[in-house]
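This is a predicted model, so every value here is computed, not measured. Atoms considered below: every heavy atom in the structure, side chains included; atoms not considered: hydrogens, waters and symmetry mates.
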Amino acid sequence: MKKQYFFSFFLILTFSFLLAACGSDGEGQDNGEGDSSDDSESSSDFEPYTVEHAMGETTIEEKPERVVILTNEGTEALLALGQKPVGAVESWTGDPWYDHISEDMQDVEVVGTESNVNVEKILSLDPDLIIGNKMRQEDIYDQLNEIAPTVFSETLRGEWQNNFKLYAKALNKEDKGQELLDEYNQRLDDFSEQAGDKLDQKLSVIRFMPDHVRIYHKDSFSGVILDEIGFKRPESQQANDFMEKATKERIPAMEGDKLFYFTYETGDGAASSLEEEWLNDPLFQNLDVVQNDEVYEVSDAIWNTAGGYMAANEMVDDLEEIFLEEQE
């Protein structure tokens, strides 16, 4: 009886220990899984990916968080995608950013200009991704790529939508990028539908620089947007190239149903002085578009220099105000 009693007692005791051990392991697994799931989410959520771009292929090994951007249109792309850069080239005008992005660019470090990048400054920011442009920075690509994975777009001007897709891919935000582009292009379609026969008007676009005047053609930032909406252009501005430098003898080529001009003023007054001279020239004053009071001054940053997603939307704002609100 004693043996049987002790044997039963031993079984009960052993079983109790086993239950306690299982319970302890179970609690440990719950806590451990909770901790490891957080760790694994930060690591397992991210998978390296490869981006094809103007300089070849680049593999992104870690989630981009400290991004340096080397074009103005790229800066707008990052902001639109919700990725504030740690460093960016300064805006062509502004101190140091365009007015329409300055609030979003607080605490972002300046890393030179598009044409003169400060490589040492970029190095000091310890970036995990650099985005630039072949047309602007091809000569320093290898240096940049030594600092961090570097992705380059091919060109600028009217190519901002293609560049936007590349930047979204580089940030691993392709879906968000496509969503934003779809919204923008739907906006253009809606504009076209509402504008109706107003699209038959021929729109002339000119720009005053410090030392010359330009007539803009279809392969420019503003030219591409006008073309996508469906606006006509004067015959002299139908070319699928960037622009022509104009002498005063070419003022008649600026004729149109509406004329938009913008001035690249850097602060020394030279461009503004040239603007005043040309606008008051008798040849210019005799244009029908001037006589009909259809000349509009618009922002150089919005219509030309910034060249990105945010500027494109603000340019459409201008066009809506002129073409759609006047018919209400």
Side-chain angles (χ1 to χ4, degrees), residues 49 51-55 58-157 159-174 176-177 180-181 221 301-302 304-314:
Y49 55 95
V51 180
E52 294 185 14
H53 58 97
M55 302 299 292
T58 294
T59 298
I60 315 295
E61 299 283 357
E62 57 184 275
K63 183 179 179 181
E65 292 179 340
R66 297 184 58 80
V67 183
V68 168
I69 181 69
L70 304 181
T71 66
N72 282 273
E73 46 97 42
T75 298
E76 294 202 353
L78 264 62
L79 294 176
L81 290 163
Q83 183 88 38
K84 185 175 181 178
V86 295
V89 289
E90 66 180 296
S91 301
W92 290 113
T93 56
D95 187 22
W97 316 115
Y98 297 123
D99 289 343
H100 68 285
I101 64 169
S102 59
E103 186 174 335
D104 297 324
M105 293 291 283
Q106 292 182 19
D107 301 323
V108 176
E109 297 284 342
V110 174
V111 294
T113 67
E114 286 189 14
S115 303
N116 187 20
V117 172
N118 186 332
V119 176
E120 291 76 16
K121 181 64 175 181
I122 294 173
L123 178 62
S124 74
L125 294 175
D126 191 28
D128 47 37
L129 176 64
I130 301 169
I131 299 175
N133 179 267
K134 182 178 179 180
M135 189 171 81
R136 292 281 194 242
Q137 298 119 13
E138 181 177 10
D139 291 346
I140 60 170
Y141 176 80
D142 290 338
Q143 288 178 265
L144 297 172
N145 204 38
E146 287 291 322
I147 298 172
T150 301
V151 172
F152 269 16
S153 54
E154 181 75 37
T155 187
L156 296 168
R157 298 171 184 158
E159 291 296 315
W160 74 267
Q161 286 209 46
N162 289 332
N163 291 353
F164 189 91
K165 292 177 184 178
L166 176 65
Y167 304 152
K169 186 171 184 179
L171 295 170
N172 204 24
K173 295 186 177 185
E174 285 183 274
K176 178 64 174 177
L180 290 171
L181 289 179
F221 178 71
I302 299 302
N304 188 76
T305 329
Y309 180 86
M310 299 168 79
N313 275 283
E314 294 212 18

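- Between the side chain of Ser91 and the backbone N or O of Gly94, no donor-acceptor pair lies under 3.5 Å.
- Using modelled atom types, one finds a donor on one side chain and an acceptor on the other under 3.5 Å when comparing Asn133 with Ser153.
- Side-chain contact between Ile101 and Leu79 is present, with at least one heavy-atom pair separated by less than 4.5 Å.
- Between Trp97 and Val108, the closest side-chain pair of non-hydrogen atoms falls below 4.5 Å.
- Closest of all the heavy-atom pairs between Ala301 and Ala311 is O-CB, 4.3 Å.
- The line from CD of Glu52 to NZ of Lys169 is 6.0 Å long, rounded to the nearest 0.5 Å.
- Contact of the Leu70 side chain with the Ile131 side chain is not registered, since no non-hydrogen atoms from C-beta on lie closer than 4.5 Å.
- Looking only at distances, a side-chain donor or acceptor of Arg66 sits under 3.5 Å from a matching main-chain atom of Leu125.
- Note: Tyr141 and His53 have tilted aromatic rings, judged against thresholds of 30 and 60 degrees for the angle between ring planes.
- Rounding to the nearest 0.5 Å places OG1 of Thr155 at 15.5 Å from CH2 of Trp160.
- The environment of Lys84 atom NZ is dense: over 12 non-hydrogen atoms of other residues, nucleotides or ligands sit within 6.0 angstrom.
- For the salt bridge (charged side-chain N to carboxylate O under 4.0 Å, His left out) test, residues two or more places apart in sequence or in another chain that qualify with Glu114 are Arg136.
- Within the 4.5 Å cutoff, no side-chain heavy atoms of Thr150 are placed close to those of Met55.
- Residues Lys173 and Leu81 come closest through the heavy atom pair NZ-O, 3.1 Å.
- Glu73 and Tyr309 form no side-chain donor-acceptor contact under 3.5 Å, judged by distance and modelled atom types alone.
- For the pair Glu76 and His100, the minimum side-chain heavy-atom distance is below 4.5 Å.
- Between Ala80 and Phe164 the shortest heavy-atom distance is CB-CE1, 4.2 Å.
- Other residues, nucleotides and ligands contribute more than 12 heavy atoms inside 6.0 Å of the CG atom of Asn162.
- Closest of all the heavy-atom pairs between Gln83 and Pro64 is NE2-O, 3.4 Å.
- Taking every heavy atom of both residues into account, Pro149 and Thr58 meet most closely at CB-CG2, 3.7 Å.
- Shown here for Leu129 and Leu171, the closest heavy-atom pair between the two residues is CD2-CD2, 3.9 Å.
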